[in-house]
Number of protein chains: 2
Amino acid sequence: MDEMFRLDNQLCFRLYTASRLVNQAYWPLLSPHHLTYPQYLVLLVLWEKDTQPVNDIAKRLYLETNTVTPLLKRMEALGLVTRKRGKEDARQTLVTLTEKGKGLQQALTDVPLTVGKSVLCESVTPETVPDLFRMLDDIIGRLASHPDTP
Amino acid sequence: MDEMFRLDNQLCFRLYTASRLVNQAYWPLLSPHHLTYPQYLVLLVLWEKDTQPVNDIAKRLYLETNTVTPLLKRMEALGLVTRKRGKEDARQTLVTLTEKGKGLQQALTDVPLTVGKSVLCESVTPETVPDLFRMLDDIIGRLASHPDTP
DNA sequence: TATATTTGCATCGTGAACGATATAAATAAA
DNA sequence: TTTATTTATATCGTTCACGATGCAAATATA
């Protein structure tokens, strides 16, 4: 039938699958700490800059607040972050790492390298990764900018 | 802090984000037909080869049956497929396209090209797409083969 | 100042993903 | 032929994603 419809010709399917499988690669490293991958991403954001409003965290991860809010509540329940209303702007909810949340960075030091190594292969090497980064960044930039088709 | 932890150095985060954003690009094209993206993938699989057991569909999409089963039930409710037990092997559930499910291919002819175009950009062109495909395929092949780290 | 609009979060409902577990049919082993 | 094991699906519970909607605080407008 139409060649366009062949699964093997779909970029999106590859992205979708690669994303899921890499996500699974994190599981054995994060689950001992009762962490999920999106929660780990939130930690990455907060480790870079502590005490941020929900909106900033969501934007950084290209997510909506309705995804991040319940996620942050679970992280609060785990004792990793605190959430309190902003003083200047009472609409904002400021998210701050607890000592436990900060300390987790030590326990997870080898996560990036471990996952990084498990992804390296024939065509994905330290030399080619920058190319892959550029292509993915371009796709993200293109799709994040506009909701429509231009 | 540790450079390894910077969000901008994470391949996984790029894959995760690109996958989600491309997925969103499908939404306006699929939602008029009450289709989700994973359901569209199932259609792609069945359009290539009709009447397959759940397991074959799941394997083709690198998914588990516990993800695919409820998805297929929803597609059955939409009148896109039928599910019936195999005659030779009564453990299998054979999934077959209905006329409506087959006919949907006509209604969606321009989906692959439309999404394809919306992804093209500076560094992702008809010339570079094969490179991107190869890298993603290698990552998928590497992660799909083993559950561990070798 | 009173009203309208925007902004920042939160709530709700639905559909994936996926680990864990269950169940029946098919196959292998004893 | 019994019994044990494997295989093919399905069920259950939790956590995302995300569209739609609601609400209060902040800001803009009249």
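All chains are named by letter (A, B, ...) in the order of the sequence lines, taking the proteins before the strands, and each is independently numbered beginning at 1.
- Distance B:Arg85 CZ to C:dA25 P: 9 Å, rounded to the nearest Å.
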- prompt: In dot-bracket form, how is DNA chain C paired, counting a Watson-Crick or G-U wobble pair only if both its distances are under 3.5 Å and using | for bases paired to another strand?
  reply: ||||||||||||||||||||||||||||||
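- For residues 63-77 of chain B, the salt bridge (charged side-chain N to carboxylate O under 4.0 Å, His left out) pairs, not counting sequence neighbours, are B:Glu76-B:Arg83.
- No donor-acceptor pair closer than 3.5 Å links the side chain of A:Thr93 to the backbone N or O of A:Arg85.
- What separates NZ of A:Lys84 from C1' of C:dC9 is a distance of 17 Å, to the nearest Å.
- Across all strands, A:Thr67 comes closer than 4.0 Å to base atoms (heavy-atom distances).
- Under the rule for a side-chain contact (heavy atoms from CB on, under 4.5 Å), the partners of A:Thr17 that lie at least two apart in sequence or sit in another chain are A:Phe13, A:Arg20, A:Leu21, B:Tyr62, B:Ile140.
- Applying the salt bridge (charged side-chain N to carboxylate O under 4.0 Å, His left out) test to every pair with at least one member in residues 109-133 of chain B, sequence neighbours left out, gives these pairs: B:Asp131-B:Arg134.
- Rounded to a whole Å, the CG atom of B:Leu94 is 16 Å from the C1' atom of D:dA10.
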Any protein N or O atoms within reach of nucleotides 21-25 of chain D? Criterion: under 3.5 Å, listing atom names and distances.
none

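- Take B:Glu88 and apply the side chain to side chain donor-acceptor pair (under 3.5 Å) test, not counting sequence neighbours, and it matches no residue.
- Rounded to whole Å, atom C1' of D:dT14 lies 8 Å from atom CZ of A:Arg74.
- Between the A:Thr69 side chain and the A:Asn66 main chain, no donor and acceptor come within less than 3.5 Å of each other.
- Contact between the side-chain N/O atoms of B:Lys73 and the OP1/OP2 oxygens of D:dA10 is not found at any separation under 4.0 Å.
- To the nearest angstrom, P of C:dT14 lies 18 Å from CG of B:Leu35.
- Using cut-offs of 30° and 60° for the angle between ring planes, the B:Tyr26 and B:Tyr37 rings count as tilted.
- If you take CG of B:Leu71 and C1' of D:dT9, they are 15 Å apart, rounded to a whole angstrom.
- Proximity of residues 50-65 of chain A to DNA chain C (heavy atom under 4.0 angstrom from any strand atom) is restricted to A:Pro53, A:Val54, A:Asn55, A:Thr65.
- Between the CG atom of B:Asn23 and the C1' atom of D:dC16 there is a distance of 13 Å, rounded to whole Å.
- Not counting sequence neighbours, the partners of A:Asn9 by the side-chain contact (heavy atoms from CB on, under 4.5 Å) test are A:Glu3, A:Arg6.
- Look at B:Thr93 and you'll find a side-chain N or O under 4.0 angstrom from OP1 or OP2 of D:dA10.
- Closest approach to the B:Arg83 side chain among D:dC16, D:dC18, D:dA10 is made by D:dA10 (side chain taken as heavy atoms from C-beta onward).
- Mapping A:Trp27 and B:Gln39 onto DNA chain C by nearest heavy atom places B:Gln39 closer to the 5' end of the strand.
- Counting only residues at least two apart or in different chains, salt bridge (charged side-chain N to carboxylate O under 4.0 Å, His left out) contacts with residues 23-35 of chain A are absent.
- By the side chain to side chain donor-acceptor pair (under 3.5 Å) test, B:Asn55 pairs with no residue at all, sequence neighbours left out.
- Here A:Leu94 pairs with A:Thr51, A:Pro53, A:Gln92 under the side-chain contact (heavy atoms from CB on, under 4.5 Å) rule; sequence neighbours left out.
- Take B:Lys84 and apply the side-chain contact (heavy atoms from CB on, under 4.5 Å) test, not counting sequence neighbours, and it matches B:Thr82.
- Along DNA chain D, the nucleotide closest to B:Tyr16 and the one closest to B:Thr69 are compared, and the more 5′ of them pairs with B:Thr69.
- In this structure, B:Tyr37 atom OH and D:dG19 atom C1' are separated by 19 Å, rounded to whole Å.
- OP1 or OP2 of D:dT7 has not a single side-chain nitrogen or oxygen of B:Gln92 nearer than 4.0 Å.
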